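The structure under discussion appears below in the form of structure tokens.
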2 protein chains.
Amino acid sequence: MLKLSKKVEYGLIAIRHIASVNNHISTVKEISEKYIIPVDVLAKVMQKLTKGKIITSYQGAMGGYTLARKAEEISVMDVISVIEGTQVGIAQCFSEVPENCSIYTNCTIKNPLGKIQHNLEHVFSSMKVSEIV
Amino acid sequence: MLKLSKKVEYGLIAIRHIASVNNHISTVKEISEKYIIPVDVLAKVMQKLTKGKIITSYQGAMGGYTLARKAEEISVMDVISVIEGTQVGIAQCFSEVPENCSIYTNCTIKNPLGKIQHNLEHVFSSMKVSEIV
DNA sequence: ATCAAATAGGACTACACAAGGCGTATATAG
DNA sequence: CTATATACGCCTTGTGTAGTCCTATTTGAT
């Protein structure tokens, strides 16, 4: 409950790593070995971060990843939404299909939850990756 | 990911309900029917809230629940921790057994996550149930 | 041209947890 | 004594997370 996924953690660690080596190209192998992260899992995380234009990939031998923008311009919120794909909400009201909630029409706490949701988004958006390095 | 459990939602709705009827005694049946919440699930939520001294229970016929303290003195954080039982953390570092994290010793983002964790707790603690009524 | 190293990405399994259902015991007002 | 409540444990099901495995593609170096 209220937990960040491992994928997000791995993503943050990887981004932090690349930033810490002055944005030199880094490979999945290198990062996964250094932080003891399952290679395949990290690989897919990196692919999502690439698609989300947070990092840039270089294929083939001598390939790897660099940051697509400065660490100060990447927020934890960016990382979360790119990796999770779907809209992240603390309740179903704030996800793709709000009506799917079993108590949708009778719910009396949509507004207060919305306020909380808004505050959480603020917390995640204001925390930049540069603060992690 | 980062979702509140249904139990917490049900708990908040129930508490809001009792507050909205001026703390008159309310039964599980009444609440579950009004908001279309599964009776058994709500019943267990109420039991936890009772054990956590957020509401007071009256057994037997004509029994039910009232708030144990004023709505202004119950925070969403209180409700969450009482219902979830365990310490709620966005990552394993902030739960009961931090060392269980698969990347515990190599993790480079414990501090920043701690900062986020702290901010989240603030969001949940500052939101009182009275704001929901 | 070939090989090795790297990313890209789909399919599948194992497991934990959330959500709910069911059965029974206990308390109490009338 | 009975009807109406809460108290509480056990079990089932569904969903989502985490991880593994396999194959395709790209590209630098020999």
Side-chain angles (χ1 to χ4, degrees), chain A residues 1-11 13-14 18 25-33 36-52 55-66 68 80 83-86 88-92 95-97 100-103, chain B residues 1-11 14 18 24-33 36-52 55-66 68 80 83-86 88-92 95-97 100-103:
Chain A
M1 216 217 90
L2 278 179
K3 265 218 177 63
L4 242 42
S5 71
K6 282 282 178 197
K7 287 181 193 173
V8 170
E9 289 184 40
Y10 296 159
I13 289 176
I18 301 176
I25 197 166
S26 309
T27 68
V28 167
K29 187 162 179 286
E30 174 190 336
I31 298 175
S32 74
E33 280 174 359
I36 322 282
I37 298 172
V39 200
D40 294 322
V41 177
L42 181 61
K44 290 211 195 88
V45 168
M46 300 304 268
Q47 286 162 25
K48 287 203 170 175
L49 290 174
T50 304
K51 278 202 164 181
I55 59 181
T56 307
S57 79
Y58 301 90
Q59 295 194 9
M62 304 300 288
Y65 299 94
T66 57
I80 292 178
I83 292 182
E84 294 304 324
T86 66
V88 177
I90 56 166
Q92 207 144 15
S95 61
E96 326 271 86
V97 214
N100 274 2
C101 181
S102 54
I103 52 172
Chain B
M1 217 216 91
L2 278 180
K3 263 216 178 66
L4 242 41
S5 71
K6 282 281 178 197
K7 289 181 192 173
V8 169
E9 288 184 39
Y10 295 159
I18 301 177
H24 274 3
I25 197 166
S26 310
T27 68
V28 167
K29 187 165 179 287
E30 175 190 335
I31 299 175
S32 74
E33 280 174 358
I36 323 282
I37 298 171
V39 200
D40 295 322
V41 178
L42 181 59
K44 289 209 196 90
V45 167
M46 300 305 267
Q47 287 160 25
K48 287 202 172 176
L49 290 175
T50 304
K51 278 202 164 182
I55 60 181
T56 307
S57 78
Y58 301 90
Q59 296 195 8
M62 303 301 288
Y65 299 93
T66 59
I80 292 178
I83 292 181
E84 294 302 325
T86 66
V88 177
I90 56 166
Q92 207 144 14
S95 61
E96 326 271 87
V97 215
N100 273 3
C101 181
S102 55
I103 52 172

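Below, read A as the first sequence line, B as the second, and so on, with proteins coming before strands; counting in each chain starts at 1. A quick note: this is a predicted structure, and the numbers were derived from the prediction, not measured.
With rounding to whole Å, A:I31 atom CD1 is found 13 Å from C:dT7 atom C1'. For the pair B:I83 CD1 and C:dC17 P, the computed distance is 18 Å after rounding to whole Å. Atom CD1 in B:I25 sits roughly 12 Å away from atom C1' in C:dT28 (whole-Å rounding). Rounded to whole Å, the distance from CG on B:D40 to P on C:dG21 is 7 Å. Going from atom NZ of A:K29 over to atom P of C:dA4 covers 15 Å, rounded to whole Å. Across the protein-nucleic acid pair, A:K48 atom NZ and C:dA8 atom P stand 14 Å apart, rounded to whole Å. One interatomic measurement links the two molecules: CG of A:L2 to P of C:dC17, which rounds to 15 Å at whole-angstrom precision. The distance from atom CD of B:Q59 to atom C1' of C:dA27 is 5 Å, rounded to the nearest whole Å.
Interatomic distance, CD1 of A:I90 versus CG of B:L4, reported as 5.0 Å (0.5 Å rounding).
Between the side chain of B:K44 and the base of C:dG21, at least one donor-acceptor pair of N or O atoms lies under 3.5 Å.
Nearest-nucleotide positions on DNA chain C place A:A61 closer to the 5' end than the other of A:M46 and A:A61. For the pair A:K51 and A:G63, both in contact range of DNA chain C, the more 5′-proximal nearest nucleotide belongs to A:G63. Across the interface with DNA chain D, nearest-nucleotide mapping of B:M62 and A:K7 shows B:M62 to be the residue nearer the 5′ end. Residue whose closest nucleotide on DNA chain D sits further toward the 5' end, between A:Y58 and B:T27: B:T27.
Nucleotides of DNA chain D that come within less than 4.0 Å of any heavy atom of chain A span, from the 5' end to the 3' end, D:dA18 to D:dG28.
B:M1 comes within contact range of the sugar-phosphate backbone alone, with a heavy-atom separation under 4.0 Å but no base atom that close. Within the nucleic acid shown, B:V39 has no heavy atom closer than 4.0 Å to any nucleic acid atom.
Comparing C:dG20, C:dC22, C:dT7 by their closest approach to the side chain of A:V28 singles out C:dT7.
Counting heavy atoms from C-beta outward, B:T66 and B:Y58 have side chains that approach closer than 4.5 Å. At least one side-chain heavy atom of B:E9 sits under 4.5 Å from a side-chain heavy atom of A:I103. B:S57 has its side chain out of reach of B:M46: every pair of non-hydrogen atoms, C-beta onward, lies at least 4.5 Å apart. Between B:L2 and A:E84, the closest side-chain pair of non-hydrogen atoms is not below 4.5 Å.
Between A:G89 and B:K3, the shortest heavy-atom distance links the atoms O-CG, 3.3 Å. The two residues B:V45 and B:G11 make their nearest non-hydrogen contact at CG1-CA, 3.7 Å.
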